[in-house]
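Labels below follow one simple rule: chain letters A, B, ... track the order of the sequence lines, proteins then strands, and each chain is numbered from 1. The model shown is predicted, which means the values in this text are computed figures rather than measured ones.
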Amino acid sequence: MKNIIRLFMLSLITVMFFMGCEDPVKTKADFQQNYVLNSVIRGDTSFQVATVLKNYDVPGLDPNVNTQSQFIEGSIIRLWYKDTVYFMRDSLVFDPVVHRYDDPYKFYYIDGFRPDAGSYIEIEALLPNGKRLSSSTRLPERINFSEDSDYLIPPENRKTVTIRWKTERNGLMFLPRLTLRYNQIVGGVEVAKTVIVPAQFLNRNGVTDPYYPQASKETGIVYEFSAIDKVLQDISAEDENKGNFEIIHLYLEIATFDENLTSYYSSTNNIVNEYSIRLDELDVTNIDGGLGIFCSYIKNGVVIYFDELYIKKYGYKLGTN
Amino acid sequence: MPKYFLLFLLLSSGVIFAQPTGKIRGKITDKNTGEILAYGNVFIEELKKGTSSDQNGYFIFTGIPSGKTYTLHVSYVSYESKSLKAQVLPNKITQIDFELEPVQIEMQTIEKVGEKIIRENETDIGLQRITVRELEMMPKGVETDIFRSLQYMPGVRTTGDVSARYYVRGGGSDQNLVLLNNTTVYNPFHALGMFSVIDPEIINNLEFYKGGFTAEFGSRLSSVLKIITKDGNKNSFSGKASSSYLSGKLLLQGPIPGGSFILSGRKSYANEILKKFLNNKRAPFDFHDLSFKVNYADADFIPGAKFEVHGFLSNDKLLNDDPLKEDFGWTNNLVGFKWFHVYDSPLFSEFDVSLSRFSGEVIPNLSTTNPKENVVNDISLRSEFTYIFDSKDEINTGIHIKSINTKLFQLNQRGVPTDINNTAANLALFFKYKFLRYKQVGLDLGMRYNLAGLNKNGSGFPEPRISATYRLNDNIAIKGAWGIYQQEMTTLTNENEVISLFEPWVITPDYLSPSRSIHYIIGLQTRFFETISFDIEGYIKKTQNLPDLNRDKIYSTDPDLVAGRGDAYGWEFLLKYQDDPLNISAAYTLSWAYKEINDWVYYPKYDSRHAVNLSLEYNIGSGWIASAIWLYNTGIPFTQILGYYDKMYLTNIYNQGLGGTYYQPYSILANINGGRLPEYHRLDLSLSKKFIFGPLKIDIDFSILNVYDRKNIFYYERDTGEIVNMLPFLPTATVQVEI
Amino acid sequence: MVTNWEQIKFLEFLHSMLSNNKYFYVFALLIILVFLTACEKELSNTPPEKPADKGRLIVSSYPAGAGIYLNEKKSGYFTPDSMTWLNEGTYKLVLRKDYYKDTALYIEMPKDGKVEVFVDYLKNPRMYGTIECTSTPPGAEILVDDSSTGIITPARVTGIRPGIRKITFKKQGFWNTSLRYNVYSSTITTADFALDDTSKWVTYTTLNSGIPTDEITCVTTDKNSHVWAGSESLGLIYYDWKEWKIFNKDNSPLPSNYVLTLKYDYFGKLWIGTDEGIAIYDNGSWEILNSANTGMPIDYVSSIDVDSTGNALVGTKSGLVRLYNGRWILLNSSNSKLPATWVAKVKFQPNRNLWASVVKTCLASFNSIKWSTYGLPDPDDLGGSWKEIPPNVWKEIIAIDFLKSGEGFFGASVERSIFVLLYENGAWKTVLSLGDNTVNNIFCSEDNYVWIGTQKGLLRYKKNVSPTISFDPKSSGLKSYYITGVTEAPNKVMWISTHRGGLTKYKRFN
């Protein structure tokens, strides 16, 4: 019995000793200034932008308490393309939406710079303090749509619409987008309209949600025919007069990412899984001397036509362009 | 090989010329169940000679002066000691088997006769032997778990309460060999590595080497856990049911003609408790495991032979039932056949054939998770012989053949695929000679040789191993071990994942050499008083070609792994006080572990400088047992934050304006594992009561984990700064009913 | 056996040494070991980032506007400009300017230093360009950007500033000629002009030009105004206003080196009549016509004419041959009234008849229906109409040509006196009386002048215009009295071939 008391005492003392004490953690190493360059070169436009930022620290562990944007103005950004050096202009202030910062986003931009597919571009940003950030990218080549794709709706198997394509470079990511183009007479005026078609509609807990295709390395995309069907039905949901609708065609666009964007997109848009916990998320960057990303993508598309009989089933007209 | 065998035979026979001698051999079993009792002490009173039973329950004395009758005394923890007389005839083996009766629940005495003599020249540094009785006495927590039990030992680390994954003396978790009835288990975990797949109920005994393991073990660098499961009750049928917060269990066993069987299954039925482990995240786990073993030993069929067929199946599923969420599944399937043979001479042989298959996959459905798949198929053949000379020396030799196929498909964080399908075979020979003839000295000289390696650079690699004991006097012995070890398989995971669902195994690709390490171990064992023992062990472990995930893999042709180096050393101090009804053990570990990858030296995440394990067990009587365990270790390393930056996210590639991006804070990491979490400590209490209720034997256990609700930091979310703690104050109970 | 015992003895000895109640020494030793091995290793550490150096490079050049390349990379900047935030170290600076040679410099940038670079392109002699100036003929003065260099062609003009330069050649008697050239540093540019002379008369002889011989039998020009001439023994001579070329039996399919007559037809083909047949030269390809593959009675060709439909008349030493709708027809007494003797001259009258003169016999014309003959006595032989001209008036007609309007001029010899006759609307009329001078040929130029090549010079006659002008070595640039041929090129330059006096160019509109 004595021993039990002793044991109890010992436990109690130990418990008292450690109860409630919580040690501070030095979660942060000494702050070091880093710089960030971001630029996504687009092969489908001649307007290119870049951003330059710096890192920051906040008291505590929640970085969202920072309300100051960390964009840096006054950098000299040069692009090397073919035999020419292009300069990006300084700080176009652009604020399309209200961000969480007190001040707006600041972009560097160049107008009239539209690099060719497959071309090589280098970038260097010279920051006002002399810091240099540099990188390079090679635009993807245009994809070639395969002949064994479904370019006519309804498709032969009446279940799925499959479009395949071929590429020159392996390991790139593609982001498809399918748009339905149609004209609708609204108040006597014909209005050109578009609607994005999901790959399928998911039925989750009684709620039907559209599911749009994600970027992937697959060189093909499958749309469920029922999704196209549903979109065609839904456009006239609020207009009894089906004759007001003239369906033109579907347009499938594929954005092809270069290697850098593929890596970046994979790391920022893919989760490992819901349960794994990792403390050293890979921060994909290809900027020498700093963080951020310099990458590129191009887009090309293909038209998918409708069979007239199929369109007439809905009471719509089949239009041409 | 036979040549050398003969030579040793001659050598050893020379010593015993003087006097005609005989041998005594026997087996220790439980009287009620017929279950073998490993590591029991056997002592010949007249000669003051002792030995202990092996994992098969056998003991043998050689070189006993013949023509006399001796008194053999057998003692075993929580069994009643027994003495029998045996007459020894010249050049004959006297067989004498012991059937021990378990003591009553009320009075669990520990009596170990002749312990000092038995252990005097044992070359067992780094080895821990655990019997099922000892296992049962450990605090159960949510569920008794052998891997968690290992973590109470000095030199064994974990990185969090949540994980059953363990790290031995600065080695990675994939450097631990887990053998279930001599068959390798590749992923012995349930539910995110929170629990081990092996139900303690089916374990008869286990051996755990923290290092310096001898030549019969290969293919891993750090540790060996050798689990032998129960044979099943040879005398009567019995069933056992139990339940915990997590799972329900059922165990059936009974006799068959010429042998017995045992069948045990577990099934998870609730995972509410898992929320405590997962920071209140719901994880719809569903797991089960099934184990069986059938043995047959009929003297009329083949005298001296014992045949076993054993199997083990475990299956885990995590089904989210949501097309936008990923699903997981992984299984371990093992089946094996064993033929154990005792010959008319002091020769034992073992022959095993086994298959082990692990498969795991991540099915992304429509989520953005990357798909993954891993399959390991392992077919093994094992043949081993042990011969014991009259001089007490032992010779042990064998051949191990393994054919392994690994398949892996996965995408890394950059979305770059790894697609491996590799089949290879390993053929290893081993030979060892144990000098046990001198009282003060024990020497185990061994050599393992890989005739063919799984990795092409692993062929023709010798692994010499030595372990030795020198006893200074009755109270103090110096022990040491040295050895070279090779490992040809690795898991392809990021070791910095706190919880990892997917730890795929692959054969070390041929562009790397297999990882190799050298162990240097020195130790001191003292026992100045019968009740107190004090041991010190120091170790150095140097590892080369340590594979690590290549984080710079950008193209699918880039290597998945890069080679690094590992360095670990430390000291372990263990003080034990055993005096009924009180058992106290206190361990202190001082250790260092380093990894060097791409010329970058850092602490691996399981490096902790100081660790203290205190355990106290009190047998109150009347079936009540109370125990307390207090664990302490200095903080494990983690990677600090250097600062934050607003990372660009691409929301809509198709947006033609500037709005296709947004910026969100992202943390910049400082040097890998450059910081230290605060120290970890935790007190667990448990109280159990055994009682008999009619025909039922009932065992109730109450445990409280983290009694003083210490907020041990598990990790902190870098994006939100939220600190996630390990297990909180958690009272649990389990009930076990046996018919 | 022995070894075993010795081993045991040794072990016992070792044992007694250590176990002599001195295990605490062992303890002490272990403790020391613990402290010895218990050391921290050094971890890797990212060194803190250093601030950028403030090196500054200012680059200017004369002339300005050179592209600046730093360490083999185009900077995008042009002189004069500066580059900042350069780290300490060595830089390779290259200035690149159009037309100029790249200038490479190695620059040692001190820490936070300032380096100024000025490149004067014009101080470096290697920056200048060279023009290799040649002219035809040589001896022209060279002007660069309208300023005189005082250098005469052929010459190599050095020290020229790179860029687009205007080079002018100036030579007495020739028109000034200029062209713009890209001049690059350390590079030789070639300026080669054929100068256009300003003089009316130039005679090319073996003495002053590359003409291979002075004995020229005939001359004609092609649509490029290049000159083709026949020689007595060296074959066909070609002059493209730059150099003289010769086609003969050795270097071409030309059947003979004795060229008697030339005709450049409407299709760009040059018909070359020799004593061994006809060669047709068509832009590099050759065709040979002779008695073997045509209706020609003999290979000796004295005169050729081709009309705009491709029909041809070939006068040979033994009769007249006509190529009509692709068929060769020998004209003789059975199908014409022509004897198979030497036909001196053949000619198509514009849109009318075809004419042929038969040596010492008659003049014949064919109006695509019937043949008419004029002239010689011996009516028994030929018969036909003699009415217009007294038969005894002339002996032979040597030269024939027609004005565009159709009026024909005929060189006739009558009783050792030579006349030029005009045939107009079916009537004959003597327009010039030349005494004993012999008419070799007659050429009617576009402006209705009649050029009469004689053995005593060149005469120019125009109806209703007087006086008739005579050109000879005394009054013109001709080097010989004996004129063998006259023609006018599309560029309005006249070419006169002479016997032993070479070829004479006459720019009568200069």
Side-chain angles (χ1 to χ4, degrees), chain A residues 3-4 7 11 14-15 18-19 22-23 25-29 31-32 34 36 38 40 45 49 53 55-58 60-64 70 94 96-97 107 171 173 175 177 202 204 211 214 217 255 262-263 265-271 273-280 282 284 291 293 297, chain B residues 192 283 322-323 325-326 362 366 368-370 413-416 494 496-501 551 554-556 582 616 618 620 628 630 638-646 648-650 653-654 656-659 665 667-670 674-675 677-678 681 683 707-708 710-711 713 715-716 720-721:
Chain A
N3 283 330
I4 301 171
L7 177 74
S11 320
T14 326
V15 170
F18 293 109
M19 189 83 102
E22 199 173 316
D23 301 292
V25 203
K26 191 175 181 295
T27 53
K28 289 178 187 167
F31 180 75
Q32 281 182 20
N34 289 105
V36 188
N38 294 305
V40 186
T45 167
V49 296
L53 302 99
N55 70 336
Y56 54 90
D57 200 5
V58 292
L61 280 171
D62 184 2
N64 291 300
Q70 304 294 327
F94 188 84
V97 281
F107 291 91
M173 223 176 207
L175 181 62
R177 183 173 75 164
L202 297 176
R204 297 200 302 157
Y211 171 76
Q214 305 289 318
K217 290 188 178 179
T262 297
S263 281
Y265 200 88
S266 291
S267 70
T268 54
N269 289 49
N270 282 47
I271 52 159
N273 58 57
E274 211 180 326
Y275 304 100
S276 292
I277 298 160
R278 46 168 94 219
L279 296 184
D280 61 337
L282 186 69
V284 169
L291 296 158
I293 187 76
Y297 67 88
Chain B
L192 307 170
D322 182 339
K325 281 186 178 172
E326 69 281 14
V362 179
L366 293 175
T368 55
T369 304
N370 288 328
Q413 276 188 76
R414 295 178 196 263
V416 182
N494 182 346
N496 290 306
E497 279 184 15
V498 179
I499 296 179
S500 165
L501 271 177
R551 306 198 68 201
I554 297 170
Y555 301 106
S556 58
L582 191 63
L616 186 146
Y618 190 76
I620 300 162
W630 185 70
F638 75 107
T639 305
Q640 292 169 316
I641 289 174
L642 203 60
Y644 302 95
Y645 79 102
D646 291 328
M648 179 183 70
Y649 287 84
L650 291 143
I653 289 288
Y654 284 97
Q656 290 289 330
L658 292 167
S667 36
I668 302 169
L669 296 180
L677 288 174
H681 49 86
L683 177 70
V707 173
Y708 51 89
R710 159 78 184 176
K711 304 276 190 288
I713 293 183
Y715 63 95
Y716 59 94
T720 59

**Q** Are A/F31 and B/I641 close enough that some pair of their side-chain heavy atoms sits under 4.5 Å apart?
**A**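 No, every pair of side-chain atoms sits at 4.5 Å or beyond.
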**Q** For A/V284, is it the side chain, the backbone, both, or neither that has a heavy atom closer than 4.5 Å to a heavy atom of chain B?
**A** both
**Q** Contact part of A/L175 toward chain B, heavy-atom cut-off under 4.5 Å: side chain, backbone, both or neither?
**A**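 Both backbone and side chain.
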**Q** Need one label for A/Q214: side chain, backbone, both or neither, based on atoms under 4.5 Å from any heavy atom in chain B.
**A** side chain
**Q** Which distance, rounded to the nearest 0.5 Å, do you find between the CG of A/N38 and the OH of B/Y649?
**A** 11.0 Å
**Q** Taking A/Y211, A/Y297, A/Y56 one by one, which has the highest count of heavy-atom pairs under 4.5 Å against chain B?
**A**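 Highest number of heavy-atom pairs under 4.5 Å: A/Y56.
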**Q** Using atom types as modelled and distance alone, determine if a side-chain donor or acceptor of B/Y645 lies under 3.5 Å from a backbone N or O of A/Q70.
**A** no
**Q** Nearest 0.5 angstrom please: A/L61 CG to B/Y644 OH, how far?
**A**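 Answer rounded to 0.5 Å: 5.0 Å.
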**Q** Taking side-chain contact (heavy atoms from CB on, under 4.5 Å) as the definition, give me every residue that meets it alongside A/N34, ordered by chain and number, with sequence neighbours left out.
**A**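 In terms of side-chain contact (heavy atoms from CB on, under 4.5 Å), with neighbours along the sequence ignored, A/N34 is linked to A/N55, A/L291, B/L642, B/I668.
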**Q** Sequence neighbours left out, what passes side-chain contact (heavy atoms from CB on, under 4.5 Å) with B/Q640? Give chain and number order.
**A**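 For B/Q640, the residues satisfying side-chain contact (heavy atoms from CB on, under 4.5 Å) (neighbours in sequence not counted) are A/K26, A/A29, B/F638, B/A670.
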